[in-house]
Amino acid sequence: MRNFKLIGIALLAIMASVNFTACSNDNEPNIGDDVPVTQKYIEYRSYTYSSDYGDRIESAELSYDEKNRLTSITEEDNSRYYAIDYSSCTITASSFYGDNNRVYTFKLNDKSYITELSYKESFNDIEKDCKATFTYNDEGYLIKSVCEVIEKQEMIEQAPFSEQIDTYITTTNHEWKDGNLVSSKTTESENGSLSSKGNIYYQYTNIPNKGNIQPCSSSFDSGLFVIVGDDIPDLLMSCSLFGKLSKYLPSIINNTSVNFYRKIKS
């Protein structure tokens with residue numbers, strides 16, 4: 001299986017620009033309602049990647065129910081669609097082309113933050129079982145995630161029949177200070193051996209982060225990135241499904257990572 005290289009974190013550092021369009025909602029939810037609370041709700045988001053090959057613009061539209069809960073995300077040109085059902089606690093990701101469809105199951109805590117996200121799928125002779133757990137502090141900030149991916153592959157070409165099982169674990173710990181995320185430290189292991197590690201450090205402007213918005217195209221949490229991919233983590237975070245975000249907008253994000261490709265035996 002591929003080595004998770006903290007791609008989601010790296011996207012934060014290379015993103016050229018992000019543009020948000022959001023609408024305000026003045027209706028305050030009642031205490032006890034199962035409603036993620038935000039000051040603003042994003043209806044449309046677009047961002048631009050700049051590279052040597054030119055600029056690339058990606059966008060998405062968001063919809064909400066009468067309780068201001070995120071219910072759907074539609075990517076540009078309807079190429080991919082995400083539907084969130086709170087009665088069944090599922091997120092269904094479907095492709096316009098009908099391939100690579102996936103159903104996630106999630107659990108919520110008493111603050112309506114996602115504490116567990118999982119899915120299972122099979123393709124060819126490989127079965128994949130993915131589960132990520134998320135831990136929050138008393139203030140509502142995400143402080144840790146652990147994502148475990150188990151792959152089982154039938155070795156049908158070998159005699160006698162055998163099954164290969166690989167386990168990949170991504171652990172991210174977040175440190176917060178004065179309402180801002182100051183560091184994210186991630187380790188990734190493959191079958192018990194360390195495969196990579198990385199530390200992310202953040203500096204901030206004095207511009208308030210209105211509406212609990214994740215101002216980057218991906219996620220600062222590697223566990224969320226591994227299980228969901230780089231398409232929608234920022235939108236899920238901006239809708240309070242993964243706790244509160246930093247009080248101010250970031251000015252500098254410093255990403256360091258180390259990959260281990262060779263095992264050394266003593």
Side-chain angles (χ1 to χ4, degrees), residues 18-47 58-96 98 100-120 130-136 139-142 145 208-221 223-225 227-246:
V18 180
N19 300 309
F20 289 104
T21 300
C23 71
S24 298
N25 192 312
D26 296 327
N27 296 325
E28 294 293 335
N30 295 325
I31 297 176
D33 281 355
D34 189 22
V35 181
V37 180
T38 58
Q39 293 175 308
K40 294 180 181 293
Y41 302 91
I42 301 173
E43 291 186 333
Y44 175 85
R45 182 265 274 146
S46 68
Y47 56 85
E58 296 189 7
S59 62
E61 293 184 358
L62 291 76
S63 298
Y64 301 83
D65 63 13
E66 69 280 357
K67 295 182 178 180
N68 293 323
R69 298 181 301 185
L70 177 67
T71 56
S72 68
I73 301 173
T74 305
E75 291 188 346
E76 183 182 22
D77 300 328
N78 296 316
S79 60
R80 198 157 184 81
Y81 178 78
Y82 300 85
I84 303 175
D85 188 329
Y86 294 92
S87 61
S88 62
C89 288
T90 57
I91 301 175
T92 302
S94 56
S95 170
F96 175 77
N100 199 28
N101 295 339
R102 179 180 294 171
V103 178
Y104 300 90
T105 300
F106 61 84
K107 295 181 180 180
L108 299 173
N109 63 10
D110 57 356
K111 294 182 178 179
S112 297
Y113 301 153
I114 289 180
T115 58
E116 183 178 304
L117 187 63
S118 62
Y119 74 91
K120 295 182 179 180
C130 303
K131 183 175 75 172
T133 57
F134 303 91
T135 304
Y136 305 86
E139 298 176 280
Y141 295 105
L142 178 63
S145 74
N209 181 10
K210 296 181 179 179
N212 197 52
I213 293 174
Q214 164 76 11
C216 301
S217 63
S218 189
S219 167
F220 60 76
D221 185 82
L224 179 58
F225 169 79
I227 197 167
V228 175
D230 64 345
D231 296 326
I232 63 167
D234 62 317
L235 298 176
L236 296 177
M237 285 187 159
S238 296
C239 295
S240 294
L241 290 173
F242 290 90
K244 296 192 295 186
L245 300 180
S246 294

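- Y64 contributes a side-chain N or O that, together with a main-chain N or O of I42, makes up a donor-acceptor pair within less than 3.5 Å.
- Taken from CD1 in I91 to OH in Y82, the straight-line distance is 10.0 Å, to the nearest 0.5 Å.
- Separation of atoms CG (L70) and CG (L235) is listed at 7.5 Å; rounding is to 0.5 Å.
- Minimum heavy-atom separation, V103 to Y119: O-CB, 3.4 Å.
- Proximity of a side-chain donor or acceptor of S238 to a complementary backbone N or O of Q214 within less than 3.5 Å is detected.
- Within the 4.5 Å cutoff, the side chain of T115 has no heavy atoms near those of the T133 side chain.
- The SG atom of C130 sits 7.0 Å away from atom CZ of R102, with the distance rounded to the nearest 0.5 Å.
- The line from CD1 of I232 to CZ of R80 is 8.5 Å long, rounded to the nearest 0.5 Å.
- Distance check, rounded to the nearest 0.5 Å: OG of S88 to CZ of F106 gives 7.0 Å.
- Counting only heavy atoms from C-beta outward, the side chains of K244 and Y136 never approach each other to under 4.5 Å.
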So I114 and L108, side-chain contact (heavy atoms from CB on, under 4.5 Å) or not? Walk me through it. CA-CA 5 Å; I114 289 180; L108 299 173; 3.6 Å; yes
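- Looking at T71, its side chain does come within 3.5 Å of a backbone N or O of S63 through a donor-acceptor pair.
- Of the possible donor and acceptor atoms, none in the side chain of Y86 sits under 3.5 Å from a partner among the backbone N and O of R69.
- For the atom pair CG of N209 and OG of S246, the computed distance is 7.0 Å after rounding to the nearest 0.5 Å.
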Would you sort out whether L142 and Y113 count as a side-chain contact (heavy atoms from CB on, under 4.5 Å), showing the intermediate values? CA-CA 9 Å; L142 178 63; Y113 301 153; over 6 Å; no
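- Residues F134 and L224 have side chains in contact (heavy-atom distance under 4.5 Å, counting atoms from C-beta outward).
- Closest approach of I227 to A132, counting heavy atoms only: CD1-N, 3.8 Å.
- In this structure the side chain of T92 never reaches within 4.5 angstrom of the side chain of D85, judged on heavy atoms.
- Side-chain N or O atoms of S219 include one that pairs as donor or acceptor with a backbone N or O of D221 at under 3.5 Å.
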Step by step, work out the side-chain contact (heavy atoms from CB on, under 4.5 Å) result for I213 and L245. CA-CA 7 Å; I213 293 174; L245 300 180; 5.8 Å; no
